Each structure stands twice: as structure tokens, then as C-alpha cells.
Protein chains: 2
Amino acid sequence: MSNIQNILRNNKLSVTEGRKKILQLFLNTEGALAHSDIEMGAGENFDRVTIYRTLHSFVEKGIIHVIPSADNSIKYALCKDECSEGHHHDHHVHLVCSVCQKTLCLDEVVVPVVNFPTGYYIENIEVVANGICKQCNS
Amino acid sequence: MSNIQNILRNNKLSVTEGRKKILQLFLNTEGALAHSDIEMGAGENFDRVTIYRTLHSFVEKGIIHVIPSADNSIKYALCKDECSEGHHHDHHVHLVCSVCQKTLCLDEVVVPVVNFPTGYYIENIEVVANGICKQCNS
DNA sequence: CAAAAATAGCAACATTGTTGCAAATAATTG
DNA sequence: CAATTATTTGCAACAATGTTGCTATTTTTG
């Protein structure tokens, strides 16, 4: 039950109310969360600054990862256990559903190999698909 | 020489100073531009609102396209001629260079086919690679 | 060139993100 | 377990980014 505490402890983060609530929210949520979702959904009223800082340290520690967006609405989602401090390995595809507006991590869909011309060095690749998710497409 | 006027006319946009200057800037620039780049680089001082609206209508008309980002710094880049009003077909990969910080369209690198599980409907796929560009990687 | 249509600029505001600092909370150590 | 130390929080103030309504100006059209 104190899974949450463990996650924080394992990542060398002090266990505070704010971090517990925000991590809780991620664990309870299917799909990604934007800063504003957290501001509204985290139960109590945390200062916006606290949320920014919490999200930053979660990303740094590899607890969550950032999902890029084309409309200034960056989202965050839980990392699977392959992620560790400073090294994100979430090589899955993201889907933004145009019906329910949720952003989902399609863990089973792996980012394909892309062939770049010689001369480039590629560190990582982000894939974001726009479409309709399983639930909404039925 | 009035290539610019033609582009605007062909897209049924009035030919105004702002639009000409901004389009000029895109034509003169290798790589993508952020709103702030335009605010600084467009020569004269355009109202920020004008720039927002110009970018919106250029996107709508298929003159430029949006490149998603993971750090709230959306960039815009010229579309090739396959794009038309309401239909973007820029299925190329984008590269964000960690050295020169430029965002480039790699027109020769096509977005690969991604296999999604049944049940999803996919409209389009965005691929953004982080790495080092040809120029900086030598 | 005049009338109609479209666009630009301004003002005011909303949202998002950052920084420094003092107070509160959590971890550590004896 | 209490006291010290380290960390984190909330606040305030600010900066940057994005939006909307309205009027004046510019562009287009006939």
C-alpha cells in the first residue's frame, strides 16, 4: 500500500504530501496529465510552483516522462520501470485521441527504426500519433 | 521575384506588409522558427497579435506547419507544395539539434510505417528526433 | 476611385512558467 | 526522541506567452 512511498524513496526524494498526492494522481490516471490537470485534480490546492517543481524532479528521476505536443499543452505520463535517473527509455508511441482528448502511451507500439542520412547523430526519437483511441473508435 | 505575393494570392490571403515580411523570413531561413524568432527577426516591429494571427492563418492554409516540442517552444516551418488548405502532408521527420538548437525538416527522411493494434484509427504521425545535425556533427 | 471586406494594432486580460526568499516540513544524527 | 540539518513548500513578484473585442487602417473589388 505504501507503494508510493517506495517509489519516492527509491528515487531519493523526500516523502512529502505534495509528491505523494501528485504521484497518486498519476497512478490513478489512465493516460497523460497536463500541468493544469494536476492543478485541478490533485485534491488539495497546491501552489502552482510546487507542481512545476514536482514535475521537474519526477522527470529528472525518471518517474514520469514528457510527451511533446503541437499546441503548447505538454503532458506527462508515468514511466515504466526501465527508466532511471537521467535515462528515459520510454520508446513507445503516444496517441492523442481527437475524441476524448486523452493522450495515451501505447506501450505495445514501439518506435520504429528510422534511417537517417549519414552525418547526423540521433539521440532519441519521439513519435506522437493523432487519431482515435480504442474506446472512442467503436 | 514576387514569389511571395503569389504564395499569398494562391492561398487566398490578402497581401499585407506583415504577411509578406513573415513569409519572407521563412523563405530566408533554414530550419524552423518559433514565435519569438519572428517577433525579433521580422524586421519591423509587428504587434504580437498580428504574428499569432498570421501564423495561424499560414498553418490553416498549409503554407507552414507546426512542429511539436517537449518544452513549450513550438516551431513553424515552411511546407512543401504537397500541403494544401486544411491538409498537411509533411510526412517527414524533424530534427532538433542539441548543438545549434535549430529545428530542421529532414525532407528526405520519411516517417516510417507504424503498426498499431486493431481498434485505433490513426490520422497522422509526428516524428521528432533529438540529436546533432550534419553541420554540427563534423 | 469609392464601397465593401479583410486585416492590423491597441488595450485589456488570461494562462503559463520562473526566481528568490522566508517559513514549514522531512530526514538525520546523537 | 529531541535537536540539528537539509529539503521542500508557499508566497510574492515578475516574465513570457497566448487570447479576445473593438476601432482604425489597409487591401480588395467592382
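Note on naming: letters A, B, ... go to the chains in the order of the sequence lines (proteins, then strands), and numbering restarts at 1 for each one. This is a predicted model, so every value here is computed, not measured.
- Following rounding to the nearest Å, B/Ile51 (CD1) and C/dA8 (P) show an atom-to-atom distance of 11 Å.
- Atom NE2 of B/His35 and atom P of D/dA15 are 18 Å apart (whole Å).
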**Letter per nucleotide, 5' to 3', of nucleotides 18-26 of chain C [B base touched, S only sugar-phosphate touched, - untouched; heavy atoms, 4.0 Å]** = BBB-----S
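- Side-chain N or O atoms of A/Asp47 include one that pairs as donor or acceptor with a backbone N or O of A/Val49 at under 3.5 Å.
- A straight line from CG of B/Leu13 to C1' of C/dA8 spans 14 Å, rounded to a whole angstrom.
- A/Ser73 approaches B/Asn72 most closely through the heavy-atom pair N-OD1, 4.2 Å.
- Using modelled atom types, one side-chain atom of A/Thr54 and one backbone atom of A/Thr50 make a donor-acceptor pair closer than 3.5 Å.
- Per the geometry, NZ belonging to B/Lys21 stands 14 Å off P belonging to D/dT26, to the nearest Å.
- The CD-P distance, from B/Glu39 to D/dA15, rounds to 15 Å in whole Å.
- Summary of the strand contacts: B/Ile74 and B/Arg9 both lie near DNA chain D, and taking for each the nucleotide with the nearest heavy atom, the more 5' one is attributed to B/Ile74.
- Rounded to whole Å, atom P of D/dT8 lies 12 Å from atom CG of A/Asn11.
- Atom pair B/Asp47:CG and C/dA12:P shows a separation of 14 Å (rounding to whole Å applied).
- Residue B/Phe46 contributes atom CZ, which lies 12 Å from atom C1' of C/dG9 at whole-angstrom precision.
- When each of A/His94, A/Lys75, A/Glu126 is paired with A/His65, the side chain to side chain donor-acceptor pair (under 3.5 Å) condition holds for A/His94 and for no other.
- Listed for the B/Ser98 side chain is no donor-acceptor partner under 3.5 Å among the backbone atoms of B/Ile132.
- Checking B/Asn72 against B/Gly18, the closest nucleotide of DNA chain C that is more toward the 5' end is the one next to B/Gly18.
- Checking side-chain atoms of A/Arg19 against main-chain N and O of A/Ser14 turns up a donor-acceptor pair under 3.5 Å.
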